[in-house]
Amino acid sequence: MNEIIKLELLKYPQGFEWSLDAPSDGGGVLETLHPIGDPYYSSDGLEHVETIKCPPDLWSQYLQCSKGRWSSTAQTNLVNFANKYGFSHYIILQKGITNLSDNSRENPFPPTRKFIFDDIENLKQAHYDYLQMGTFSQFALDILNNTGIYLHAGFTKDGYVMESQSTHSNIWLTWYQSVLKGQARLCSVCKLPFYSKRKNADVCGGTCRNLKSKRSN
């Protein structure tokens, strides 16, 4: 029997860059994150794109991108994340939620710096809500159900399987799974949600571990 949920990622060999490509509401263009030389995520040449298995801590690595100064998070952290795991040509935001039955719709939010950081804040808020309520908020469920539009289901010879190759969808799906398994925690130093299988883990990484140690001395 295969795993019920099969999450994969599309890794672009040319890497990612920021450039002015997305049209803005007020005219002009917005700086977006996209594969180098491919601002519109063209399907041409996809035979060269590598398919890799999605790690269970994808959402945690995504949140870690928000650490540091604005310039470094955008130019270094997010680009490195996209180079490693790919990135999607859309962002699901609370204000963008529409009729879930409209599977053909195009999400109106391109991966600009603002929309990506809005998405990161949404993910953090969804986790804080869960810690406070002990259950998933309607806010989180709405976003999860919208990202689920890109979760494709089907029957195979080995069993029923749901598949996703969308980086953005997989970020939210891995967070959802981590919460259900009790592997989504909150850092005692920076207060950022993070992934860990250790029940007593209370820091998200080496930097926060060192800061915690200094405070205790």
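Since the model is a prediction, treat every value here as computed from it, not as a measurement.
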Given 3.5 Å as the limit, does a donor-acceptor pair link the side chain of N77 with the main chain of K67, or not? yes

Heavy atoms of P13 and V49 approach each other most closely as CD-CA, 4.1 Å

How long is the span from the CZ atom in F109 to the OG atom in S88, to the nearest 0.5 Å? 15.0 Å

Is it the case that the side chains of S19 and H34 hold a donor-acceptor pair, with the cut-off being a distance below 3.5 Å and no angle test? yes

Minimum side-chain heavy-atom gap L33-I116 below 4.5 Å: yes

S178 (side chain) donor-acceptor with Q183 (main chain) under 3.5 angstrom: no

Are Y12 and I36 connected in the hydrophobic side-chain network, where two residues link if heavy atoms are under 4.5 Å apart? no

Less than 6.0 Å separating the ring centroids of F194 and W59? no

Distance check, rounded to the nearest 0.5 Å: T73 atom OG1 versus Q75 atom CD? 9.0 Å

Tell me whether D38 contacts the main-chain N or O of Y41 through its side chain, where contact means a donor paired with an acceptor under 3.5 Å. yes

Step through it carefully: locate the ring centre of Y90, locate the ring centre of H168, and say whether they are under 6.0 Å apart. yes

Backbone N/O of G37 and side chain of E17: donor-acceptor pair under 3.5 Å: yes

Between D57 and W175, do the side chains contain an N or O donor and an N or O acceptor separated by less than 3.5 Å? no

CG (L123) and CG (D118) are apart, to the nearest 0.5 Å, by 12.5 Å

Which atom of F16 lies closest to which atom of N83, heavy atoms considered: N-OD1, 2.7 Å

Measure across S164 and N170 and return the closest heavy-atom pair with its distance rounded to 0.1 Å. OG-OD1, 2.7 Å

Mind jotting down which residue pairs meet the salt bridge (charged side-chain N to carboxylate O under 4.0 Å, His left out) criterion with at least one end in residues 77-89? Sequence neighbours excluded, please. none

Working to the nearest 0.5 Å, report the span between OG1 of T32 and CZ of F87. 11.0 Å

Which atom pair, heavy atoms only, marks the closest approach of C187 to V203? SG-CA, 3.7 Å

Verify whether the ring centers belonging to F136 and Y130 lie closer than 6.0 Å. yes

Taking salt bridge (charged side-chain N to carboxylate O under 4.0 Å, His left out) as the cut-off, I'd like each qualifying pair that reaches into residues 186-202, sequence neighbours left out, listed once. D202-K212

For F81, ring-ring contact (aromatic ring centres under 6.0 Å, His included) partners two or more places apart: Y62, Y85

Please report the C-alpha distance between Q132 and Y128 in whole Å, then the side-chain angles of each, then the deciding distance to 0.1 Å, and finally whether the side chain to side chain contact (heavy atoms under 4.5 Å, CB included) criterion is met. CA-CA 6 Å; Q132 185 177 28; Y128 297 150; over 6 Å; no

Quick check: is L186 connected to Y176 through a chain of hydrophobic side chains (ILVMFWY, heavy atoms under 4.5 Å apart)? no

Tell me, do R113 and E31 make a side-chain contact under 4.5 Å, heavy atoms counted? yes

So CG of L151 and CE of M162: to nearest 0.5 Å the spacing works out to 5.5 Å

Between K124 and P193, is any pair of side-chain heavy atoms under 4.5 Å apart? yes

Start with the C-alpha distance between S60 and C204, add both sets of side-chain angles, then the distance that settles side chain to side chain contact (heavy atoms under 4.5 Å, CB included), and finish with yes or no. CA-CA 9 Å; S60 180; C204 64; over 6 Å; no

Ignoring hydrogens, what is the shortest heavy-atom contact between H127 and R185? Give both atom names and the distance. NE2-O, 3.5 Å

Pair E8 + K53: basic N to acidic O under 4.0 Å: no

Quick one: does D119's side chain get under 4.5 Å of W172's, heavy atoms only? yes

Between N146 and D142 (side chain of the first, backbone of the second, donor and acceptor by atom type, cut-off under 3.5 Å), is there such a pair? yes

Could you state whether I120 and L131 fall into the same hydrophobic cluster, counting links through intermediate Ile, Leu, Val, Met, Phe, Trp or Tyr residues with side-chain heavy atoms under 4.5 angstrom apart? no

Kindly indicate, with the supporting measurements, whether the criterion side chain to side chain contact (heavy atoms under 4.5 Å, CB included) is fulfilled by L9 and L58. CA-CA 10 Å; L9 298 163; L58 180 71; 4.1 Å; yes

Is the backbone N or O of L63 less than 3.5 Å from a side-chain atom of S66, with the two atoms forming a donor-acceptor pair by type? yes

Test of understanding: clusters of I, L, V, M, F, W, Y form through side-chain heavy atoms closer than 4.5 Å, transitively. Do L180 and M133 belong to the same one? no

Please round to the nearest 0.5 Å and tell me the distance separating atom CD1 of I92 and atom OG of S169. 6.5 Å

Kindly say whether I171 contributes a backbone atom to a donor-acceptor pair with the side chain of T174 at under 3.5 angstrom? yes

Atom of I91, atom of P111 and distance for their closest heavy-atom approach: CG1-CA, 3.9 Å

